[in-house]
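A quick write-up on the structure given underneath.
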Amino acid sequence: NYSFDDAGNVRLAMFDPAGGTAPDIAGQNICNPTAIFIAVSLLFQSLGEKALSAALREANLTLLAQGVSTPDLGGRCSTTEFTSEVIQKTVEVLGRV
């Protein structure tokens, strides 16, 4: 979400993942963090960190395409495990840049 001044310049930006609080799965370590990764990727892009933004997005989407995911998408990873996989893959992608 962006807020613009009268000249059309971005005055304020907010990067908020879509979704709810999911109280039915709270504390079970099965939440899918993909929306958070995409929101953070957009934040990095906004800050001028284009390589990091692209690497995070690529890592997340590549893992999902490979079937590495949380149970809601048919995978077997916990939230913690999937997050670790995304971090590792992001570092790998950045190493190719």
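Fair warning: this is a prediction, and the values are worked out from it, not measured in the lab. Just so it is clear, the values below take in all heavy atoms, side chains as well, and ignore hydrogens, waters and symmetry mates.
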- Task: Mind checking the CD-CG spacing from Glu58 to Leu94? Nearest 0.5 Å is all I need.
- Result: 9.5 Å
- Message: Can you give me the closest heavy-atom contact between Ser46 and Phe15, atom names plus distance?
- Response: CB-CZ, 3.5 Å
- Message: Starting from Leu52, can I reach Ile38 by hopping between I/L/V/M/F/W/Y residues whose side chains sit under 4.5 Å apart?
- Response: no
- Query: For the atom pair CZ (Arg57) and CZ (Phe44), what is the distance rounded to the nearest 0.5 Å?
  - Reply: 11.5 Å
- Treat each ILVMFWY residue as a node, draw an edge where side-chain heavy atoms are under 4.5 Å apart, and state whether Val91 and Leu63 are in one component. no
- Note on the structure: d(Ser53 OG, Leu42 CG) to nearest 0.5 Å is 6.5 Å
- The reported gap from OG1 in Thr34 to CG in Leu64 (rounded to nearest 0.5 angstrom) is 4.5 Å
- In this structure, CG of Leu43 is separated from CD of Glu49 (nearest 0.5 Å) by 9.5 Å
Name the atoms and distances for all side-chain donor-acceptor pairs under 3.5 Å in residues 82-90, with sequence neighbours left out.
{"residue": "Thr83", "atom": "OG1", "partner": "Thr79", "partner atom": "O", "Å": "2.8"}
{"residue": "Ser84", "atom": "OG", "partner": "Thr80", "partner atom": "O", "Å": "3.1"}
{"residue": "Lys89", "atom": "NZ", "partner": "Glu92", "partner atom": "OE2", "Å": "3.4"}
{"residue": "Thr90", "atom": "OG1", "partner": "Val86", "partner atom": "O", "Å": "2.7"}

- Query: Closest heavy-atom contact between Gly74 and Ser69?
  - Reply: C-OG, 4.2 Å
- Query: Under 4.5 Å between any side-chain heavy atoms of Ile30 and Asp72, yes or no?
  - Reply: no
- With the side chain counted from C-beta on, respond yes when Ile25 and Cys31 share a heavy-atom pair under 4.5 Å apart, and no when they do not. yes
- Query: Within a strict 4.5 Å, meaning less than it, do heavy atoms of the Val10 and Phe4 side chains meet?
  - Reply: yes
- Note on the structure: Taken to the nearest 0.5 Å, the spacing of Asn1 CG from Asp16 CG works out to 7.0 Å
- Would you indicate whether the side-chain heavy atoms of Pro33 and Thr70 approach each other to under 4.5 Å? yes
